[in-house]
Participant: 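Attaching a single structure in structure tokens format; questions to follow.
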Amino acid sequence: MRTTVGIIGAGPAGLLLARLLHRAGIDCVVLESRDREYVERRQRAGILEQGTVDALRACGAGARLGREGLVHHGIELRFEGRRHRVDFPSATGGRSVTVYAQTEMVKDLIALQLDEDGPPLLFGARALAVEKPDSAAPEIRFHHEGRERTLVCAVVAGCDGFHGIARRAVPADRVRTFERDHPYSWLGVLADVPPSCEELIYARHPRGFALHSMRSPRVSRLYLQVPNGTDPAAWPHERIWDELSLRLGVDPDADGGGSWTLERGPITAVSVTPMRSFVQEPMRHGSLFLAGDAAHIVPPTGAKGLNLAVSDVLTLARALIHHHRTGSTELLDGYSATCLRRVWQAERFSSFLTDTLHPRPDQSPFEGRLQVARLDRIATSATASAELAENYVGLPLS
Ligand code: APR
Ligand code: PHB
């Protein structure tokens, strides 16, 4: 098998890249190790930056997103029983975010690719290795329908997520990795109950962080900070609701306090996810380009992971199309540096929000007071609030 761009992984990064290349008349093939049902059912992120929404619309994947996506103009911070709303449009020249599940975006992109005669998308095709990544004809060795095959390409796009194989094709002496683990995880639940809020709530509580998010007007998505290694079985549903109510609770006498109740309903899924920060540099080795989680991970606190995957792929598609049309490698040569600048801004913002909202198990009372002081600063300074808003809605694509 031969193609121009061999794409490993049918997550948001691989699927969007395939769509952009196909529309520009560049051949590609997508290899995905899982089956379609698994890929479409996986519960992942749910907040799209304005730039992500614009990109999906521009490539024809915005129809259902336009109908079902919920546009949010702010978030609420809760700490010390207080409530503070961060307004996005006023601080960012009118920008906002859209609540739309990553799984829905993936379904839309898969449907477009399969229904509109898009490039080949092979499910159950597990890439085993990228061979000769620094040559002009790199190869992807993969396993499909019981046998081993080879896809010969001009370029390989490693969009195979954090546990993929593409990243490992870069020789150890050519990479640097930067990593930080966090001493807590998120217990995430999906519940068949209308959200008890109109906008997302991020809460810092001495017992731990809590987040109230949503998937639709009828489905809530909620998270609790829990110790690493937590067994979801230790969290019966009543315990989850009790803990969420406590951590998200407000004090009627505090600033902005008032009264608020968390509505409970049937929990349909529970999972525990560790938090990780990771970057591999550079994001290119010869003809191999890494994009999305294959190259970097952020903790989920700022909802940046999916959006970073999209911005990498926009940059890569632009560079490949430029090369295809003009023969110039200028944008391809700049790919890694261009992406990494934005990646590190997202790492910075995600670390800031994570560190500010999660009490660490071993932290001193002094650090706890600093967290509250940082939140108080955001609540009382238009500049500090605008800084959060600008990062949350997404820094400009370069
Ligand atoms: N061969 C083929 N496919 C593979 C292989 C392999 N060896 N290894 C992994 N994959 C597939 C996975 O099954 C998955 O479908 O690659 C895809 C990678 O998709 P994602 O993990 O969703 O990564 P990405 O497209 O970069 O999107 C980033 O995912 O984890 C979230 O928070 C993150 O929302 C962000 C988004
Ligand atoms: C989610 O809805 O899954 C979500 C929202 C905001 C975050 C992280 C996750 O910061």
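Whatever order the structure lists them in is the order used to number ligands and atoms, beginning at 1. None of the values given here were measured: they were computed from a predicted structure.
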Participant: Numbering the atoms of ligand 1 from 1, which are under 4.0 Å from a heavy atom of Ile8?
Facilitator: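 Under 4.0 Å from Ile8, ligand 1 has these atoms: 1 (N), 2 (C).
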Participant: Can Glu37 and Arg41 be counted as an ion pair, charged N to O under 4.0 angstrom?
Facilitator: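 Counted as a salt bridge, because a side-chain N and a carboxylate O are separated by less than 4.0 Å.
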Participant: Do Ile267 and Asp192 touch side chain to side chain, with heavy atoms closer than 4.5 Å?
Facilitator: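 The answer is no, as the side chains (C-beta and beyond) never meet within the 4.5 Å cut-off.
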Participant: Measure the distance from atom 11 (C) of ligand 1 to every protein heavy atom, then report the residue, atom name and distance (to 0.1 Å) of the closest one.
Facilitator: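 For atom 11 (C) of ligand 1, the nearest protein heavy atom comes out as Glu32 OE1, 3.2 Å.
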Participant: May I ask you to identify the nearest protein heavy atom to atom 29 (O) of ligand 1, giving residue, atom name and distance to one decimal place in Å?
Facilitator: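 The closest one turns out to be Gln102 NE2, 3.3 Å.
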Participant: Nearest heavy atom to atom 3 (N) of ligand 1 wins, so pick from Ala13, Ser33, Gly164.
Facilitator: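 Nearest heavy atom to atom 3 (N) of ligand 1 lies in Ser33.
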Participant: Which residue holds the protein heavy atom closest to atom 35 (C) of ligand 1, what is that atom called, and what is the gap in Å?
Facilitator: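 Its nearest protein heavy-atom neighbour is Leu306 N, 3.3 Å.
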Participant: Could you check if a side-chain atom of Leu320 sits within less than 4.5 angstrom of a side-chain atom of Leu21, using non-hydrogen atoms only?
Facilitator: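 Yes, their side chains come closer than 4.5 Å.
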Participant: Could you tell me whether Asp376 and Arg82 make a salt bridge, using a distance below 4.0 angstrom between a side-chain N and a carboxylate O?
Facilitator: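 Arg82 and Asp376: salt-bridged.
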Participant: Go through ligand 1 atom by atom and flag the ones less than 4.0 Å from a non-hydrogen atom of Gly292.
Facilitator: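 By the 4.0 Å cutoff, the relevant atoms are 26 (O).
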Participant: In the protein, what heavy atom is nearest to atom 19 (O) of ligand 1, and what distance, to one decimal place, separates them?
Facilitator: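 Result for atom 19 (O) of ligand 1: Gly11 CA, 3.4 Å.
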Participant: Can a salt bridge be assigned to the pair Lys132 and Asp134 using a cut-off of 4.0 Å between side-chain N and carboxylate O?
Facilitator: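 A salt bridge is absent here (no side-chain N lies under 4.0 Å from a carboxylate O).
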Participant: What is the ring orientation for Tyr335 with Phe289, classed by angle as parallel under 30°, tilted 30 to 60°, or perpendicular over 60°?
Facilitator: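 Tyr335 vs Phe289 ring planes: perpendicular.
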Participant: Between Val298, Ile165, Asn307, Asp293, which one has a non-hydrogen atom sitting closest to atom 28 (C) of ligand 1?
Facilitator: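 Answer by nearest heavy atom: Asp293.
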Participant: Taking the six-membered ring of Phe366 as reference, does the cationic atom of Arg369 (NZ for Lys, CZ for Arg) lie under 6.0 Å from its centre and within 45° of its axis?
Facilitator: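 So Arg369 doesn't make the cation-pi contact.
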Participant: From the options Ala309, Ala129, Gly305, select the one whose nearest heavy atom is closest to atom 32 (O) of ligand 1.
Facilitator: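 Result: the heavy atom closest to atom 32 (O) of ligand 1 is in Gly305.
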Participant: Is the CZ atom of Arg341 crowded by more than 12 outside heavy atoms at less than 6.0 Å?
Facilitator: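 Atom CZ in Arg341 is not crowded, with 12 or fewer foreign heavy atoms closer than 6.0 Å.
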Participant: Is any NZ, NE, NH1 or NH2 atom of the basic residue among Arg276 and Glu179 found under 4.0 Å from an Asp or Glu carboxylate oxygen of the other?
Facilitator: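 Looking at Arg276 and Glu179, the cut-off is not met.
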Participant: Using a strict 4.0 Å cut-off to heavy atoms of Arg126, name the atoms of ligand 1 that fall inside it.
Facilitator: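 Listed by number with element, the hits are 1 (N).
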Participant: Looking at side-chain heavy atoms only, is the closest gap between Phe162 and Phe278 below 4.5 Å?
Facilitator: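 Counting from C-beta outward, Phe162 and Phe278 do come under 4.5 Å.
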Participant: Output the list of atoms in ligand 1 that are nearer than 4.0 Å to some heavy atom of Cys159, sorted by atom number.
Facilitator: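 Under 4.0 Å from Cys159, ligand 1 has these atoms: 16 (O), 17 (C), 18 (C).
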Participant: Decide whether Arg284 and Ser336 meet the rule of one side-chain donor and one side-chain acceptor closer than 3.5 Å.
Facilitator: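 No - no donor-acceptor pair under 3.5 Å links their side chains.
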Participant: Which ligand 2 atoms does Leu200 reach within 4.0 Å, using its non-hydrogen atoms?
Facilitator: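 In order of number, 5 (C), 6 (C).
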Participant: Of Arg348, Arg180, His182, which is the lone residue that meets side chain to side chain donor-acceptor pair (under 3.5 Å) with Ser277?
Facilitator: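 Only one option passes, and that is His182.
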Participant: Contact between Leu353 and ligand 2, counting heavy atoms under 4.0 Å?
Facilitator: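 No; Leu353 lies far enough from ligand 2 that no heavy-atom distance drops under 4.0 Å.
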Participant: Quick one: CD on Glu104 to CD on Glu40, what's the gap to the nearest 0.5 Å?
Facilitator: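 Going from CD on Glu104 over to CD on Glu40, the span is 9.0 Å.
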Participant: For ligand 1, is there an N or O atom under 3.5 Å from any N or O atom of Gly14?
Facilitator: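 No; every N/O pair is 3.5 Å or more apart.
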Participant: Report, in ascending order of atom number, the atoms of ligand 2 lying under 4.0 Å from any heavy atom of Ile47.
Facilitator: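 Ligand 2 atoms under the 4.0 Å threshold to Ile47: 5 (C), 6 (C).
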Participant: Please list the nearest protein heavy atom to atom 3 (O) of ligand 2 with its residue and the distance rounded to 0.1 Å.
Facilitator: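 The answer is Tyr223 OH, 2.6 Å.
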Participant: Give me the nearest non-hydrogen protein atom to atom 2 (O) of ligand 2 as residue plus atom name, then the distance to 0.1 Å.
Facilitator: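 Residue, atom and distance for the closest contact: Ser213 OG, 2.6 Å.
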Participant: What atoms of ligand 1 come closer than 4.0 angstrom to any heavy atom of Arg42?
Facilitator: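 With Arg42 as reference, the close atoms of ligand 1 come out as 12 (C), 13 (O), 14 (C), 15 (O).
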Participant: Below 4.0 angstrom from a heavy atom of Tyr202, which ligand 2 atoms are there? Numbered from 1 as shown, please.
Facilitator: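 Here the atoms of ligand 2 in question are 6 (C), 7 (C), 10 (O).
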Participant: Any salt bridge between Glu238 and Arg264, counting N to O under 4.0 Å?
Facilitator: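 Between Arg264 and Glu238 there is a salt bridge, with a charged N closer than 4.0 Å to a carboxylate O.
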Participant: May I ask you to identify, for Tyr100, whether its side chain, its backbone, both or neither come under 4.0 Å of ligand 2 on a heavy-atom basis?
Facilitator: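 No part of Tyr100 is near ligand 2 at this cut-off.
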Participant: Quick check on contacts: which atoms of ligand 1 are under 4.0 angstrom from a heavy atom of Ala125?
Facilitator: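 Listed by number with element, the hits are 1 (N), 2 (C).
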Participant: Hey, which atoms in ligand 1 end up nearer than 4.0 Å to a heavy atom of Arg34?
Facilitator: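 Per the distance check, 13 (O).
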Participant: In terms of residue, atom name and distance, what is the protein heavy atom nearest to atom 8 (C) of ligand 2?
Facilitator: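 Heavy-atom neighbour on the protein nearest atom 8 (C) of ligand 2: Pro300 O, 3.2 Å.
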Participant: Minimum distance, heavy atoms only, to atom 23 (O) of ligand 1: which one of Gly158, Ala127, Gly161, Ala295 is it?
Facilitator: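 The residue whose heavy atom sits nearest atom 23 (O) of ligand 1 is Gly161.
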Participant: For atom 20 (P) of ligand 1, which protein heavy atom lies nearest, and how many Å away is it?
Facilitator: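 Atom 20 (P) of ligand 1 sits closest to the protein heavy atom Arg44 NH2, 3.9 Å.
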Participant: Within the 4.0 Å heavy-atom shell around Thr301, which atoms of ligand 2 are there?
Facilitator: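 Here the atoms of ligand 2 in question are 10 (O).
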Participant: Classify the ring geometry between Tyr392 and Phe88 as parallel (under 30°), tilted (30 to 60°) or perpendicular (over 60°).
Facilitator: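 Geometry flag for Phe88 against Tyr392: parallel rings.
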Participant: Could you find the nearest protein heavy atom to atom 9 (C) of ligand 1 and give me its residue, atom name and distance?
Facilitator: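 The protein heavy atom lying closest is Asp160 O, 3.1 Å.
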Participant: Can a non-hydrogen atom of Pro300 be found less than 4.0 Å from any atom of ligand 1?
Facilitator: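 Not so, Pro300 does not reach ligand 1.
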Participant: If I apply the N/O under 3.5 Å rule, does Pro12 come out as touching ligand 1?
Facilitator: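 N/O-N/O distance below 3.5 Å exists for this pair.
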Participant: Within a strict 4.5 Å, meaning less than it, do heavy atoms of the Leu122 and Val30 side chains meet?
Facilitator: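 Counting from C-beta outward, Leu122 and Val30 never come under 4.5 Å.
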Participant: State plainly whether the residues Glu76 and Arg85 are in salt-bridge range, i.e. N to O under 4.0 Å.
Facilitator: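 No.
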Participant: State the atoms of ligand 1, each with its element, that fall below the 4.0 Å cut-off from a heavy-atom position in Leu31.
Facilitator: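 Numbered from 1, ligand 1 contributes 2 (C), 3 (N).
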Participant: When Leu20 is tested against each of Leu314, Leu316, Ile26, Leu15 for side-chain contact (heavy atoms from CB on, under 4.5 Å), which residue passes?
Facilitator: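 Looking at Leu314, Leu316, Ile26, Leu15, the match for Leu20 under the side-chain contact (heavy atoms from CB on, under 4.5 Å) is Leu314.
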Participant: Go through ligand 2 atom by atom and flag the ones less than 4.0 Å from a non-hydrogen atom of Arg215.
Facilitator: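 Listed by number with element, the hits are 1 (C), 2 (O), 3 (O).
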